[in-house]
2 protein chains.
Amino acid sequence: MSRTTMRDVAREAGVSIATVSRVVNGVDAVAESTRRRVLEAIRRLNYSPNLVAKSLVHRGTRNVALFVPDIMNPFFPAIARGVADAVASEGYTVVLCNTDDSTEPGPHFERLLRGNFVDGAILCGTAWDAAPLSELIPADLPVVVMDRRVPGLRADSVEIDNRLGGLMATRHLLDVGCRRILHLGGPVGVSTAEGRLAGYLEALCSGAADERDAAEADSDLITRGPFRAESGYSRTRAALESGLSFDGIFAANDLLALGALQALRQFGRRVPEDVAVIGFDDIYMAALALPPLSTVAQPTYRLGTIAGRMLMDRLDRSASPAQPPAHPQPEPKRVVLEPSLRIRESTRRERVQGSEEE
Amino acid sequence: MSRTTMRDVAREAGVSIATVSRVVNGVDAVAESTRRRVLEAIRRLNYSPNLVAKSLVHRGTRNVALFVPDIMNPFFPAIARGVADAVASEGYTVVLCNTDDSTEPGPHFERLLRGNFVDGAILCGTAWDAAPLSELIPADLPVVVMDRRVPGLRADSVEIDNRLGGLMATRHLLDVGCRRILHLGGPVGVSTAEGRLAGYLEALCSGAADERDAAEADSDLITRGPFRAESGYSRTRAALESGLSFDGIFAANDLLALGALQALRQFGRRVPEDVAVIGFDDIYMAALALPPLSTVAQPTYRLGTIAGRMLMDRLDRSASPAQPPAHPQPEPKRVVLEPSLRIRESTRRERVQGSEEE
DNA sequence: GGGTGGGCTGGAAACGTTTCCACCCTCCGG
DNA sequence: CCGGAGGGTGGAAACGTTTCCAGCCCACCC
């Protein structure tokens with residue numbers, strides 16, 4: 001029933017447990033003849049070491065936790081993969097947890113982080129407050145926050161410049177001649193959504209100042225809601241039904257944009273001729289949509305690998321014997337990546353200046 | 001540095017370690033006054049139990065491993081989520097591993113399964129042989145195989161009836177009037193791909209027997225390759241360039257079908273008028289494609305929950321004290337789900353002939 | 001008033017490793 | 001011939017829990 005243990009191997013090979021351990025880990029010197037004997041016994045008994053026991057001694061499982069709102073959301077798999085690849089190179093594996101946009105860290109969180117089951121954690125897109133979080137996270141447990149920010153939490157972070165992304169997207173729409181741009185925004189209070197909206201507003205204001213015909217910043221043109229396709233669909237539909245006029249859509253993520261495309265199609269609006277549409281994220285299916293969706297690309301996979309690497313760095317450091325003089329924990333690092341414009345058919349128009357509209 | 005342990009709590013509360021353990025786990029009787037004292041000490045010291053140590057004693061971490069080829073492939077996130085939800089209800093968490101279609105279980109596999117780091121495992125879409133697998137998997141470690149089959153491996157399995165799915169898809173194309181159906185098949189030797197092809201062939205043969213004009217089963221119409229969008233694109237393109245004539249495409253998965261749509265569009269073939277297209281899996285973006293893609297739906301999330309539940313059942317059983325008389329391990333279970341047709345625009349045509357059926 | 005039994009509690013042995021320490025050789029230099 | 005160095009090895013104490021077992025105390029019953 002019980003699996004074979006070091007003690008069994010030791011007995012079989014006629015040596016002590018300590019020696020078996022030395023052979024298995026390749027540390028210290030052990031005579032070649034004994035080594036062979038032990039190896040042979042291991043093979044015969046089909047032994048492999050118990051990592052749980054090992055972890056207990058070493059005070060470190062080689063696991064890291066990754067929290068995402070929902071792995072089914074197409075934005076996260078690439079991140080998960082990036083994290084997994086980055087940490088795998090150091091022998092770590094990923095424990096995945098879906099948080100479902102819960103407002104508080106659940107029992108899973110507590111179990112994993114406080115129970116010493118993981119050596120570190122990556123929080124991606126979680127909507128938790130800094131206060132309960134810093135109380136819950138053990139002091140010696142490195143954490144990396146990505147995507148959304150958690151203001152006040154002392155932890156490394158990786159994100160993209162959402163404001164810049166929003167600016168780029170909106171400028172692009174202005175460049176292709178849009179004058180009334182509907183913004184399908186994300187949830188209120190979420191840092192990514194706020195940043196993108198800020199960029200949108202900034203583009204409109206600075207646009208008004210320069211030589212082109214003033215684009216309108218109309219509060220009717222701004223909607224907020226969850227980052228989901230259905231929400232994009234229903235909000236666009238509502239806009240169309242209400243007779244609101246617009247010739248461009250900047251959606252705060254691709255799912256919203258895809259929903260918008262569906263609504264526009266249903267109402268017979270041509271994209272990009274009648275309405276140009278741009279999304280955010282560059283999820284896989286953006287390129288496959290019809291028309292292929294222009295979008296602000298986030299290097300999701302790379303975001304994941306960077307977060308993974310940051311975590312590995314912390315872990316290396318905390319494992320190292322000599323501590324740097326004063327600060328046991330160096331300052332939190334913050335990495336901000338630049339998004340990039342990926343222009344596809346959904347905004348590909350003749351540059352028309354002051355031509356027919358709607 | 002070191003986190004607070006039971007010993008600390010015991011000292012603080014002036015009781016023995018054993019008593020603290022009893023309070024924490026709520027077993028045995030402990031006097032209300034001591035209980036309160038211990039609880040108070042726990043709160044003061046901000047203690048939480050070390051799960052690694054607990055696991056060592058109990059011989060069970062509450063973790064299960066999930067192996068998928070690539071979480072970035074849109075087919076798998078829903079499965080992962082299903083598994084996670086199913087096992088979460090029993091307090092288990094999921095350790096995720098990407099196998100990248102490797103031909104052999106890698107070091108991760110060995111580390112996790114043999115190192116007692118997980119109590120069970122789910123193998124999804126892995127292309128490993130039964131022989132090395134059964135050698136590697138500890139006898140007391142329950143495993144569930146899903147999606148692809150691993151012939152010869154003694155383990156529970158969940159899958160859908162791929163042959164039936166292929167049959168349904170092909171029959172549907174025949175029903176809407178297709179006579180020369182291109183099959184974009186999956187890799188040779190993979191059970192899912194083989195099943196779908198078998199269904200395709202079966203539909204064509206039985207179709208030839210009945211009253212409608214004979215549909216042609218032409219070996220030129222059958223291609224095989226990886227389950228990827230690019231492959232669907234290039235194979236369809238090649239078919240179009242070679243002048244092969246066809247009026248329908250049955251793709252062995254949705255990614256292939258999406259690639260095919262792209263190629264058809266590029267060559268100016270209208271879908272569904274010139275070529276009707278049907279895929280397999282019903283991934284999220286199938287509905288968002290243009291035209292929305294008809295497909296054979298697999299209940300992926302449900303597949304995941306079922307696999308998770310099967311694993312939980314095995315774990316409950318192996319944890320239960322009394323063993324049923326003879327067989328310590330009951331026979332492997334096999335669940336086969338039926339796929340269902342999801343008809344969208346990509347095959348919506350006038351019924352050319354007079355056939356009127358469901 | 002001496003069992004008897006039950007509620008509470010503590011000691012200590014597990015669980016399967018790693019690693020410190022001590023020991024025994026053998027071999028070498030003086 | 002002796003001292004010491006150092007390679008090879010084993011014993012045993014950790015790591016932080018659970019749980020068995022034994023013991024204490026007190027109330028209760030004959």
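Proteins come first, then strands; the chains are lettered A, B, ... in the order of their sequence lines, and each starts at number 1.
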Using the test ring-ring contact (aromatic ring centres under 6.0 Å, His included), find all partners of A:Y92 that sit at least two apart in sequence or belong to another chain. none
Name the atoms and distances for all side-chain donor-acceptor pairs under 3.5 Å in residues 20-29 of chain B, with sequence neighbours left out.
from: B:S21; atom 1: OG; to: B:N25; atom 2: ND2; distance (Å): 3.4
from: B:N25; atom 1: OD1; to: B:K54; atom 2: NZ; distance (Å): 3.4
from: B:N25; atom 1: ND2; to: B:S21; atom 2: O; distance (Å): 3.0

Any side-chain heavy atom of B:V87 within less than 4.5 Å of one from B:M312? yes
Any donor and acceptor pair, going by atom type alone, linking the side chain of B:S191 with main-chain N or O of B:R149 inside 3.5 Å? yes
Applying the salt bridge (charged side-chain N to carboxylate O under 4.0 Å, His left out) test to B:E40, which of B:R36, B:R37, B:R44 qualifies? B:R44
Using a heavy-atom cut-off of 4.0 Å across all strands, would you classify A:S55 as base, sugar-phosphate, or nothing? nothing
State which residues pass side chain to side chain donor-acceptor pair (under 3.5 Å) with B:D101; sequence neighbours excluded, sorted by chain then number. none
Residue pair B:F109 / B:L133, side-chain heavy-atom distance below 4.5 Å: yes
Tell me which nucleotide among D:dG11, C:dC8, D:dG8 gets nearest to the side chain of A:S16. D:dG11
One character per nucleotide, please: for nucleotides 15-28 of chain D, 5' to 3', B when the base has a protein heavy atom closer than 4.0 Å, S when only the sugar-phosphate does, - otherwise. BBBBBB--------
Could you pull out all residues at least two apart from B:F75 that satisfy ring-ring contact (aromatic ring centres under 6.0 Å, His included)? none
Axis-to-axis angle across the helix from C:dG1-D:dC30 to C:dG30-D:dC1, five pairs each end, nearest 10 degrees, ~ 60°
